[in-house]
Every structure is written in structure tokens, then in C-alpha cells.
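Note: hydrogens, waters and symmetry copies are ignored here, and every other heavy atom, side chains too, is used.
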Amino acid sequence: MHQLTIAEIIRGLRDKQFSSVEITSHLLERIQELDSQFNSFITVTGDQAIKQAAAADARLAQGDAPALCGVPIAHKDIFCTNGVRTSCGSKMLDNFVPPYDATVVDNFQQAGAVSLGKTNMDEFAMGSSNESSFYGAVKNPWDVERIPGGSSGGSAAAVAAQLVPGTTATDTGGSIRQPAAMTGTTGLKPTYGRVSRWGMIAFASSLDQGGPITRTAEDAALMLSVMASPDKKDSTCLDRPAEDYTAKLNDTIDGLKIGVPSEYLSDGLDSEVRAQVQEALNEYEKLGAKLVEISLPHSKLAVPSYYVIAPAEASANLSRFDGVRYGYRCENPADLRDLYMRSRGEGFGEEVKRRILVGSYALSAGYYDAYYNKAQQVRRLIKQDFVDAFDKVDVIMGPTAPNPAFKLGEKNADPVAMYLEDIYTIATNLAGLPGMSIPCGFARGLPVGLQIIGNYLDEARMLNVAHQFQQATDWHQKTAPTAE
């Protein structure tokens, strides 16, 4: 049963091939047996999951259950869950148990989905390798000596290891798409504001966006149909009605115009990754699409502008974690100043401290205009590049990551090298566009991801384009050796 996709589970539940309790129990046993080698979960909620599954079976028996009723999923440990620890991968929130559910979590509960637990992540979603977690690094199921990508590495690894068919995740600069590429899974970042951020612990408020990681584009469409909804509790959430993102999956892509940025296939891209991406583009031509060379001239400025804007917003968002109201508090503080300094010094990891310092510097008097304001101006230029490109093409494609998964510890001593792992994904967040990564081949035996970028609010077309590729290829059906 662990090999089933979400779509197959839905059909199996309705055809009474198995019950939600049966598949939930099977996956919980699999997590207990296998996850010690991946470290993809922080918290497993077994008893709660069985109760939810039993309730789902009762709804299914009545014959009017919603689509995802009884389907097991897991949540990235950045989404608040009522009565269940929400750590954000940090010592700072190791003891935090929220008294409410995030809107995304509530949406899945209303849909009858079963939550198996909370997945591991880079601390406060800051990282590209899932090595900064307080709970230890996550291992890639394709090679447990390699990283799974980050910050949603636990979500991606859990899907790749077939511990769960789908997970929630978040993407601030590539944190859904990059781990999806590294683990051979399908990851979708919606348009900014498409999914509510209420109850999702903030890293960079103008960039963060929730989305799913699954095995297939069809499953991503099913999950997004539940995740995306208007929310009056989130002022940045778009006031647009919920959609059925599966409705257009089987539409033809004959005549589709695919923009291929010259900047994305230039120096710095691994040669084997480039070859696999080119093969995927050739496959799209066979399906009737037309390749159009385009330019995103300001894309080279995406990484430097992002690493001013994101840390600046992070320094403001993380100021609330001070040892006073909730979260980690140091022992025996001498005074209030000592309480603040030691609680934050002991509660935050090195990467989080680094970004808080950079962000605070960029926002400080005398430097705001030179750094933060300038980075926002560059952000506008990056956005305009995409606006101009979408006047000529329907979607944009290129590599998701410049390299396949690297060895654990390989880039820990060089933060800049780690930051460059997001070189192809960051611009999409700065522009607020939807993007996704789908498996398109292997380099040195490790998965390679093809990135698809859509126009604003065009997730349905993007999912259609991804689904048609997956109907013609079987890269998404390949199984990690440790998951067999």
C-alpha cells in the first residue's frame, strides 16, 4: 500500500479495497521501521492518526466524503498544529505546543485527511540542505550519505522513501522545489498569496508560501485544491475562491510555448543536469510544444537581492522569540538583558544567527537605503523580466538546482556555496510567481529536477504541463533503493 499515490488511495478507499485505518496503520509501521535511517519526521502522531482514520472511514461509509477523506499525509513542522508540538526545527520552539491549527492544517482536517505527524526541516526554514535542524540532518533516500535539499527536506525525504504519499511544505527561496529535485519527487510552490500563511511560522513574510510535495503532478493538484483558499485571518492571502486543480490536467499541450532562459543553461550548471533538462525539453517538443529562447537579464542579481531581503524580514519576524512569552528560556538569567541575550544565543542555531545579523545590519540606520531599499528595487526589475517573458511564452522551464544532491557536510563551511544552490529558484519567489519541480532524469545515479514556472495564478496550466510530461515518461515512478 505504501507504493500507492494519493489518487490511487482515493480510488482504493472508495472502492473499499482497503480502509483508511488499514493504510494509516501500514504507513505508521513503515515510519517506525524505516525512518531511523532518514530522520524525516520530528513528531509522529500515531494515536491521533488512527482516530482520524476511523472517523474518515465513518464519513466514507456515509457516501458523501470529500476527495481527500481518509488519505494519510504529513505536515512540515512549520505549520501550527493544535495540541501537537510545532518546533520549526529549532531548539527555540522545542517545547512549543500551539493552541490552534494553521489554516492549511484546518483545511486538510475539514477535508478528512489523516495527519501522520510533523516532518523535519532546516531551522526556521533557513537552509538548502536540511542540515541546520536542531533534530539532526535529514538523509536522502537515494543515498543516505547525501542531503535531501532544504528547507523542506523532511517532507521530500518522507515522500521519496514512501513513508507518506504527500506532505505540506513551504518555499521562501526554493524550499519546496529544490528538495523535490534532490529526491525525485514533485514539488509545487503556488503564486504568493494563493495559500494562507496564517499559522505558518514566518521566515520572510513577503516570500513565504505553502505548497505540497507529492509523487505526481496529479497528487499535487489534489492537495493544492485543499490547501488553497481565501482566508480573512491572513491579509496577504488572495481573495479568490477555491479551485479544482485537477480539472485541466488532461488538456492537450499542443502549441504550448515554452520559454527557455539562456541564463539558466549557462556556466555553473552541472553538465549531466543540463543534458537531462535538455532531454526533457526535447520530450515536450514531441508532445507538440514549441521551445522559445528568452532572456531574464536580471536573474544573476536574484541571489544577492534575496539574501538582503529575506534576512531583513527574518530579523524582524524572529524578534518575537525572546525567552519571555513562549519558546526556549535560558536558566537563571541575571537580569532582563541577560535573559534576552542567552535565550536567543542558546535557542537559535548558527545559520539563523547569521541571517538575523545580516538582516539587522541591512535594516540599520545608514544602511537601509544602500542595502534593503536597493534590493527591493532590484526585485522589481526581476519581476519585470518575467512580465516581459510571459508576453511571449506560456510557461518557462529550466533546471531546478545546479547540481544533484551533494554529500552531507560538504558545504557547511561555505555559506555562499550553500546559498548558490537556490540560484534558479529564488527569482520566482521574488516575483511572487508559481513554480514547480518534477523529476526528469538522473545524474550520477541521483535525481534531477525540471523546473516549470507559470504566470501569476496559472497553477492549473502549470500542473497540466507537468502531468502531460509524467504521462509520457516514468521518471516520477522511479523508487529510491532504500524505499523498496
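Checked by atom type, the side-chain pair Lys76/Ser152 shows a donor-acceptor distance below 3.5 Å. Side chains of Gln178 and Thr425: no donor on one and acceptor on the other come within 3.5 Å. For Asp101 and Thr81, the side-chain atoms include no donor-acceptor pair closer than 3.5 Å. Neither side chain, His476 nor Thr216, offers a donor N or O lying under 3.5 Å from an acceptor on the other. A side-chain N or O of Ser129 and one of Glu131 form a donor-acceptor pair less than 3.5 Å apart. Side-chain contact, Gln278 with Asn282: a donor N or O sits under 3.5 Å from an acceptor N or O. A donor and an acceptor atom, one from each side chain of Glu346 and Tyr328, are located under 3.5 Å apart. Side chains of Thr172 and Asn429: a donor-acceptor N/O pair is absent below 3.5 angstrom, by distance only. Counting only N and O atoms by type, the side chains of Glu218 and Thr5 include no donor and acceptor under 3.5 Å apart. Remark: the Asp422 side chain and the Ser128 side chain contain an N/O donor-acceptor pair separated by less than 3.5 Å. For the residue pair Ser229 and Asn107, a side-chain donor N or O sits within less than 3.5 Å of a side-chain acceptor on the partner.
In this structure, the side chains of Pro179 and Asn130 stay at 4.5 Å or more apart for every pair of heavy atoms. A heavy-atom distance below 4.5 Å is not found between the side chains of Trp475 and Ile438.
Evaluated for a side chain to side chain donor-acceptor pair (under 3.5 Å) with Tyr135, the options Thr43, Asp94, Asp77 yield exactly one hit, Asp94. Checked options Asp231, Thr236, Asp208; the residue passing with Arg197 is Thr236 (criterion: side chain to side chain donor-acceptor pair (under 3.5 Å)).
A donor-acceptor pair is defined here as one N or O able to donate and one able to accept, closer than 3.5 Å; no such pair exists between the side chain of Ser133 and the backbone of Asp122. Between the Gln470 side chain and the Ala217 main chain, a donor and an acceptor come within less than 3.5 Å of each other. No side-chain donor-acceptor contact under 3.5 Å links Asp35 to the backbone of Phe38. Although no hydrogens or angles enter the test, the distance criterion places no donor-acceptor pair under 3.5 Å between the side chain of Ser196 and the main chain of Val104. The backbone N or O of Gln451 sits less than 3.5 Å from a side-chain atom of Thr400, completing a donor-acceptor pair. Asn120 places a side-chain N or O within donor-acceptor distance of the main-chain N or O of Gly136, the cut-off being under 3.5 Å.
Taking the six-membered ring wherever Trp is involved, the centroid distance between the rings of Trp198 and Phe79 does not fall below 6.0 Å. Side-chain rings of Phe124 and Phe321 approach one another, their centers coming within less than 6.0 Å. Between Phe442 and Trp142, the gap from one ring centroid to the other is short of 6.0 Å.
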- Apply the test side-chain hydrogen bond (donor to acceptor under 3.5 Å, both in side chains) to residues Thr186 and Asp219: give CA-CA distance (whole Å), side-chain angles for both, the deciding distance (0.1 Å), then the verdict. CA-CA 9 Å; Thr186 296; Asp219 285 359; over 6 Å; no

- Task: Starting from the C-alpha separation in whole Å, work towards a yes-or-no answer on salt bridge (charged side-chain N to carboxylate O under 4.0 Å, His left out) for Glu351 and Arg355.
- Result: CA-CA 6 Å; Glu351 182 60 31; Arg355 297 199 194 192; 2.7 Å; yes

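Judged as a side-chain contact (heavy atoms from CB on, under 4.5 Å), and not counting sequence neighbours, the contacts of Ala74 are Phe41, Thr119, Val164, Thr167.
Interatomic distance, CZ of Phe386 versus CG of Leu430, reported as 9.0 Å (0.5 Å rounding).
Salt-bridge annotation for Asp47 and Lys51: absent, with no side-chain N of the basic residue lying under 4.0 Å from a carboxylate O of the acidic one. With salt bridges taken as basic N to acidic carboxylate O contacts below 4.0 Å, none links Glu410 and Arg146. Salt bridge annotation for Glu459-Arg194: present, with a cationic side-chain nitrogen under 4.0 angstrom from a carboxylate oxygen. A salt bridge links Asp270 to Arg444: at least one charged side-chain nitrogen sits closer than 4.0 Å to a carboxylate oxygen. Remark: Arg461 engages Asp458 in a salt bridge, criterion side-chain N to carboxylate O under 4.0 Å.
Heavy-atom contacts from other residues, nucleotides or ligands closer than 6.0 Å to CD of Gln32 number 12 or fewer.
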Got a list of side-chain donor-acceptor pairs under 3.5 Å for residues 22-29, not counting sequence neighbours?
unit_1 : atom_1 : unit_2 : atom_2 : d
Glu22  : OE1    : Ser19  : N      : 2.8
Thr24  : OG1    : Ser20  : O      : 2.7
Ser25  : OG     : Val21  : O      : 2.7
His26  : NE2    : His2   : ND1    : 2.9

